[in-house]
Asks: 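Take a look at the following structure, please.
Letters A, B, ... are given to chains in the order of the sequence lines, protein chains preceding strands, and every chain is numbered from 1.
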There are 2 protein chains.
Amino acid sequence: MAKTQPESCGLGPAFQVIGGKWKALILWLVHTEPRRFGELKRLVPDISEKMLIQQLREMEADGLVHREVFHEVPPRVEYSATSLGQSLDDALVPLANWGKAHGAAIEARKAKVA
Amino acid sequence: MAKTQPESCGLGPAFQVIGGKWKALILWLVHTEPRRFGELKRLVPDISEKMLIQQLREMEADGLVHREVFHEVPPRVEYSATSLGQSLDDALVPLANWGKAHGAAIEARKAKVA
DNA sequence: ACAAGTACCTACAATTTTGTAAGGTACTGA
DNA sequence: TCAGTACCTTACAAAATTGTAGGTACTTGT
């Protein structure tokens, strides 16, 4: 019975970069096409500007998203998924499918207990 | 727990049930063979008893783990993964692999910036 | 009697995460 | 000059998560 470290299954790092309340959703929105700041804000209406920029910066620091500034005349900033971000998104697909398949049942179970 | 967010993908429910700091690890430990409370405590040395029991109860309520009490003379309780828990564990494998593949690189990047 | 082991529970406090409100720059069109 | 859009920042506060320290009830070993 060897001692198990929290990192033994590789999930630690993954949750570290995608674990927040919004990051997975942002990555999902960004992974198909580049998105502008204001566009993301509209697509995730419940997020505050602070959280959005904070999450984007963290994901940028983790190498998941690429940030490109266009020095144009309405200034424009585009966020897109890097290849690392794409690979993470791919890895999240089975989890998303699981959620789609079983999420409703779990919600129902919780509602019944409460 | 925070309010449910826009569910363009099924990740919301999934993160709801394994989102914590310990749940994924506990599920991972429990998914191969039944584990006793004290055994889990030893396997995850940094967790407090309170957190362990709390997470186990939540996962039980979510239908991920099965709890079986043996009315024996040293009292014994065994936790094992349900089929739902197994399916979630399967869905987490790609994410774990991603973490194993890229976790070190991300840590290194962060260390360099700091 | 009393320490030690098993499986919990409860009150409270620290930590981390998320949110609110208010700005600030830079440019445009009226 | 004034309002408006876009992008971002900061100070502060609420909320969620996690941790600490103690306790219960039971039984075996010394």
Asks: Would you kindly give the CZ-to-C1' distance between A:Phe70 and D:dC7, to the nearest whole Å?
Replies: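 Spelled out: CZ on A:Phe70 to C1' on D:dC7 is 15 Å.
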Asks: Whole-Å distance between D:dC8 P and A:Glu58 CD?
Replies: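 Answer to the nearest Å: 15 Å.
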Asks: If only atom types and distance count, is the side chain of B:Gln86 paired as donor or acceptor with the main-chain N or O of B:His31 below 3.5 Å?
Replies: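 Confirmed, B:Gln86 side chain pairs with B:His31 backbone.
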Asks: A:Tyr79 and A:Arg67: which non-hydrogen atoms are nearest, and at how many Å?
Replies: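 Scanning both residues completely, I find the closest heavy atoms to be OH-NE, 3.3 Å.
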Asks: Show the numbers, then the answer: is there a side chain to side chain contact (heavy atoms under 4.5 Å, CB included) between A:Leu52 and A:Val44?
Replies: CA-CA 9 Å; A:Leu52 181 51; A:Val44 193; 5.8 Å; no
Asks: Report the nucleotide, chosen from C:dC9, D:dA6, D:dT9, that has the shortest atom-to-atom distance to any side-chain atom of B:Arg57.
Replies: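 Looking only at side-chain atoms, B:Arg57 lies closest to C:dC9.
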Asks: Between C:dA7 atom C1' and B:Phe37 atom CZ, what is the distance in whole Å?
Replies: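 For the pair B:Phe37 CZ and C:dA7 C1', the rounded distance is 6 Å.
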Asks: Given C:dA7, is OP1 or OP2 found less than 4.0 Å from the side-chain N or O atoms of B:Arg36?
Replies: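 So the side-chain polar atoms of B:Arg36 do come within 4.0 Å of the phosphate oxygens OP1 or OP2 of C:dA7, strictly under.
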Asks: Write down the distance between CD1 (B:Ile26) and P (D:dT18), rounded to a whole number of angstrom.
Replies: 10 Å
Asks: Rounded off to whole Å, could you give me the CD-to-P distance for the B:Glu39 and C:dT6 pair?
Replies: 11 Å
Asks: If you check the A:Ile53 side chain, which of D:dT9, C:dT18, C:dA7 turns out closest?
Replies: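 Between D:dT9, C:dT18, C:dA7, the one nearest the side chain of A:Ile53 would be D:dT9.
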Asks: Nearest whole Å is fine: how far is C:dT18 P from A:Lys23 NZ?
Replies: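 These atoms are roughly 8 Å apart.
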Asks: Set out, line by line, the N/O atom pairs under 3.5 Å between protein and nucleotides 19-21 of chain D.
Replies:
from	atom 1	to	atom 2	distance (Å)
D:dG19	OP1	B:Lys21	NZ	3.1
D:dG19	OP2	B:Trp22	NE1	3.1
D:dG19	N7	B:Lys50	NZ	3.0
D:dG19	O6	B:Lys50	NZ	2.3

Asks: Start with the C-alpha distance between B:His71 and B:Val69, add both sets of side-chain angles, then the distance that settles side chain to side chain contact (heavy atoms under 4.5 Å, CB included), and finish with yes or no.
Replies: CA-CA 6 Å; B:His71 293 289; B:Val69 183; 4.0 Å; yes
Asks: Side chain to side chain contact (heavy atoms under 4.5 Å, CB included) for A:Leu40 and A:Val30? Distances and angles first, verdict last.
Replies: CA-CA 8 Å; A:Leu40 288 169; A:Val30 141; 4.1 Å; yes
Asks: Please state how far atom CG in A:Leu52 lies from atom P in C:dT18, giving the value in whole angstrom units.
Replies: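 A:Leu52 atom CG is separated from C:dT18 atom P by 13 Å.
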Asks: Using a strict threshold of under 4.0 Å (side-chain N to carboxylate O), is an ion pair present between B:Arg35 and B:Glu33?
Replies: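 Answer for the salt bridge query: yes.
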Asks: Less than 4.0 Å between a side-chain N and a carboxylate O, is that true for B:Glu78 and B:Arg76?
Replies: yes
Asks: Of all the choices, C:dC8, D:dC8, D:dT18, which nucleotide is nearest to the side chain of A:Arg67 once you look at every atom?
Replies: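 Of the options given, the side chain of A:Arg67 lies nearest D:dC8.
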Asks: Does OP1 or OP2 of C:dC8 have a side-chain N or O of B:Tyr79 closer than 4.0 Å?
Replies: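 Answer yes for this pair, as a side-chain N or O of B:Tyr79 is under 4.0 Å from OP1 or OP2.
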Asks: Write down the distance between CZ (A:Arg76) and P (D:dC7), rounded to a whole number of angstrom.
Replies: 9 Å
